[in-house]
A.B. asks: 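Quick one: the structure is below, and I'll ask about it shortly.
Model, not experiment: these values are computed from the prediction.
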Amino acid sequence: PARIQAEFDSDTTLGIALGYKTSWEVFGLFHPRLELEVSTVEADVSGGSFNAGNQPFSGDTRIDFFLVNNYSDIIWSDDQTLIPYVGGGLGVAYVDANILYAGGGSTTPNFVATGDDSGLASTVAGGLTWLTGADWEVYGEARYYQIYDVELERRFIANGADLLSANVSDDFDGTSLTLGVRYKL
């Protein structure tokens, strides 16, 4: 069995969502809103470990999310300008990974975990929205995501030749910090 744990650089997250702020209130404090989201995370591999050992890592990954989100704004006063929120989402994610580890150069043996797969995705998030007094809102969000049962191909390459190949199946997870804007109609 192989345990591959890749670490990623801070990189790019882009997304767009179409949402609806409901008129409901829960306990007079939580104000739900629903969203359909399409987003992409692209990151370079910065390090990692193989079976808890230390090897050089390189490569990159891209994740495309298609999510249905449910957030609750926490509003206790009509004149609030900073609105905390919590929530999460469910959907599907497509992972395209190219992770190289355990050596480098053309004559040194290398392992590669590569391929693309899709799986059920879930997120948990929290953030803070600043109401600007205009139709635009600015927000910051921390999010944890998990993609279940992603299968990648693990290959051992020496001198440019594939010497063995096996499948690696596990959950793919990470965190992201984002800043964004919302436009209210």
Side-chain angles (χ1 to χ4, degrees), residues 1-18 35-69 71 87-127 138-182:
R3 179 88 175 136
I4 304 165
Q5 183 161 350
E7 298 168 3
F8 299 97
D9 287 336
S10 298
D11 225 324
T12 306
T13 300
L14 297 172
I16 188 166
L18 180 61
E35 287 182 355
L36 296 175
E37 174 189 335
V38 176
S39 59
T40 297
V41 175
E42 292 185 8
D44 292 328
V45 176
S46 65
S49 66
F50 171 68
N51 290 340
N54 241 350
Q55 294 83 19
F57 272 67
S58 63
D60 57 22
T61 191
R62 177 185 169 130
I63 306 169
D64 297 321
F65 289 98
F66 305 93
L67 299 168
V68 176
N69 298 321
Y71 292 108
L90 283 174
V92 175
Y94 174 79
V95 177
D96 185 0
N98 183 30
I99 302 167
L100 172 70
Y101 59 99
S106 60
T107 60
T108 305
N110 292 295
F111 284 95
V112 178
T114 187
D116 52 67
D117 194 14
S118 59
L120 175 68
S122 65
T123 65
V124 176
V138 178
Y139 70 92
E141 181 176 289
R143 176 184 282 189
Y144 171 78
Y145 61 85
Q146 189 162 10
I147 306 150
Y148 303 93
D149 295 325
V150 175
E151 274 196 31
L152 300 175
E153 183 182 27
R154 183 171 171 255
R155 297 187 336 251
F156 175 63
I157 302 170
N159 297 327
D162 281 345
L163 298 180
L164 72 88
S165 181
N167 284 337
V168 176
S169 180
D170 203 352
D171 297 342
F172 203 96
D173 66 333
T175 57
S176 64
L177 298 173
T178 58
L179 291 173
V181 294
R182 286 189 206 101

A.B. asks: For residues Asp11 and Glu42, report the shortest heavy-atom separation together with the two atoms involved.
C.D. replies: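 For Asp11 and Glu42, the tightest heavy-atom pair comes out as CB-O, 2.9 Å.
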A.B. asks: Does Asp171 reach the main-chain N or O of Asp149 with its side chain, forming a donor-acceptor pair under 3.5 Å?
C.D. replies: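 Checking the backbone N and O of Asp149 against the side chain of Asp171, a donor-acceptor pair under 3.5 Å is found.
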A.B. asks: Given 3.5 Å as the limit, does a donor-acceptor pair link the side chain of Asp117 with the main chain of Glu151, or not?
C.D. replies: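 Between the backbone of Glu151 and the side chain of Asp117 there is a qualifying donor-acceptor contact (under 3.5 Å).
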A.B. asks: If the test is side chain to side chain donor-acceptor pair (under 3.5 Å), which one of Asp64, Thr12, Thr13 qualifies with Thr40?
C.D. replies: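 The option that passes is Asp64.
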A.B. asks: The criterion is ring-ring contact (aromatic ring centres under 6.0 Å, His included); which residues satisfy it with Phe8, sequence neighbours excluded?
C.D. replies: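 If we apply the ring-ring contact (aromatic ring centres under 6.0 Å, His included) test to Phe8, skipping adjacent residues, there are no hits.
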A.B. asks: Let me confirm one number: the CD-OH distance from Glu35 to Tyr71, rounded to the nearest 0.5 Å.
C.D. replies: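 Between atom CD of Glu35 and atom OH of Tyr71 there are 5.5 Å.
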A.B. asks: Check step by step if side chain to side chain contact (heavy atoms under 4.5 Å, CB included) holds for Glu7 and Phe57.
C.D. replies: CA-CA 9 Å; Glu7 298 168 3; Phe57 272 67; over 6 Å; no
A.B. asks: Got more than 12 heavy atoms from elsewhere within 6.0 Å of CD1, Ile16?
C.D. replies: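 Check fails, neighbour count at 12 or below.
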A.B. asks: Give me the atom names and distance for the closest heavy-atom approach of Tyr101 to Ala113.
C.D. replies: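 Scanning both residues, the minimum pair turns out to be CE2-N, 4.2 Å.
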A.B. asks: When rounded to the nearest 0.5 angstrom, what is the spacing between OG1 in Thr178 and OH in Tyr139?
C.D. replies: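 One gets 5.0 Å once the value is rounded to the nearest 0.5 Å.
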A.B. asks: Do the non-hydrogen side-chain atoms of Arg155 and Thr114 ever get within less than 4.5 Å of each other?
C.D. replies: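 Heavy-atom side-chain distance check passes, below 4.5 Å.
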A.B. asks: To the nearest 0.5 Å, what is the distance between OG (Ser176) and CZ (Phe65)?
C.D. replies: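 Here the interatomic distance stands at 7.5 Å.
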A.B. asks: Minimum heavy-atom separation for Gly89 to Asn69, with atom names?
C.D. replies: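 Minimum heavy-atom separation between Gly89 and Asn69: CA-OD1, 3.2 Å.
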A.B. asks: Looking at every non-hydrogen atom in both residues, tell me the closest pair between Ala142 and Leu177 and how far apart they are.
C.D. replies: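 Smallest interatomic distance, heavy atoms only, reads CB-CD2, 3.5 Å.
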A.B. asks: Just how far is it from atom CD1 of Ile147 to atom OG1 of Thr123, taken to the nearest 0.5 Å?
C.D. replies: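 Answer rounded to 0.5 Å: 10.5 Å.
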A.B. asks: Please set out all donor-acceptor pairs under 3.5 angstrom arising from side-chain atoms of residues 90-100, sequence neighbours excluded.
C.D. replies:
none

A.B. asks: Just to verify, which of Thr175, Leu67, Ile63 counts as forming a side chain to side chain contact (heavy atoms under 4.5 Å, CB included) with Tyr145?
C.D. replies: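 Result for side chain to side chain contact (heavy atoms under 4.5 Å, CB included) with Tyr145: Ile63.
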A.B. asks: Could you tell me which non-hydrogen atom of Ser122 sits nearest to which non-hydrogen atom of Tyr148, and how far apart they are?
C.D. replies: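 Heavy-atom minimum between the residues: OG-OH, 2.8 Å.
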